[in-house]
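Naming convention: chains lettered A, B, ... in sequence-line order (proteins, then strands); numbering from 1 in each chain. In this text, all values refer to a predicted model and were calculated from it rather than measured experimentally.
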Amino acid sequence: MSQNPEMREAILLVINAIPKGRVAAYGQIAEMAGFPGRARLVGYILRNLPSDSNLPWHRVLNSQGKLSLDGPSGQEQQRRLENDGVSLYKGKVAKAYFWQP
DNA sequence: CTGTTGACGCTGG
DNA sequence: ACCAGCGCCAACA
């Protein structure tokens, strides 16, 4: 865990603000956190998420509305999204679900 | 220091 | 709609 704390905090804060029943894209989050064009940075932070985190990481998708995870973690993410009231159609969520402050 | 990696995104075919 | 190619850049090795 040698990441830059400022970037991590800013990004975690934004993700924490995603309302239930809504989703956001990596790039969208990076932009809101003050790092336009740094979508991969968001992915990196989430990759190193501690398991005891309360972050709604499952509300973070790629810009196409698809999950960026495969396997068990992907199923877990989908399960949590359904629980939020977000359903997938053909493996994607409709654009209407994207968070728009 | 150099080289690779990657929960991404956009463009063009 | 799908996909290869490129840009991006912090973290790693």
Side-chain atoms of residues 19-31 of chain A: list all donor-acceptor pairs with protein atoms under 3.5 Å, sequence neighbours left out, distances to 0.1 Å.
| unit_1 | atom_1 | unit_2 | atom_2 | d |
| --- | --- | --- | --- | --- |
| A:Q28 | OE1 | A:A25 | N | 3.1 |
| A:Q28 | NE2 | A:W99 | O | 2.7 |

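Separation of atoms CH2 (A:W57) and CZ (A:R59) is listed at 11.5 Å; rounding is to 0.5 Å. With rounding to the nearest 0.5 Å, the separation of CD1 in A:I45 from CD1 in A:I15 is 8.5 Å. For the atom pair A:Q78 CD and A:L69 CG, the distance stands at 11.5 Å (nearest 0.5 Å). The CG atom of A:N16 sits 13.0 Å away from the CD1 atom of A:I11 when rounded to the nearest 0.5 Å.
Backbone-only engagement by A:A25 is indicated by non-hydrogen atom pairs under 4.0 Å involving sugar-phosphate atoms exclusively.
With a heavy-atom cut-off of 4.0 Å to chain A, the contacted part of DNA chain B has its first and last nucleotide at B:dG6 to B:dC10.
Salt bridge annotation for A:E82-A:R79: absent, with no cationic side-chain nitrogen under 4.0 angstrom from a carboxylate oxygen.
Contact annotation: the side chain of A:V93 never approaches that of A:S87 to less than 4.5 Å [non-hydrogen atoms, C-beta and beyond].
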Could you write out each protein N or O paired with an N or O of nucleotides 6-10 of chain C at a distance under 3.5 Å?
| unit_1 | atom_1 | unit_2 | atom_2 | d |
| --- | --- | --- | --- | --- |
| C:dG7 | O6 | A:R40 | NH1 | 3.4 |
| C:dC9 | OP1 | A:R38 | NH1 | 3.3 |
| C:dC9 | OP1 | A:R38 | NH2 | 2.7 |

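For the OP1/OP2 pair of C:dA1 and a distance below 4.0 Å, the side-chain nitrogens and oxygens of A:K90 include no atom meeting the criterion.
When only modelled atom types and interatomic distance are considered, A:D84 and A:H58 share a side-chain donor-acceptor pair under 3.5 Å.
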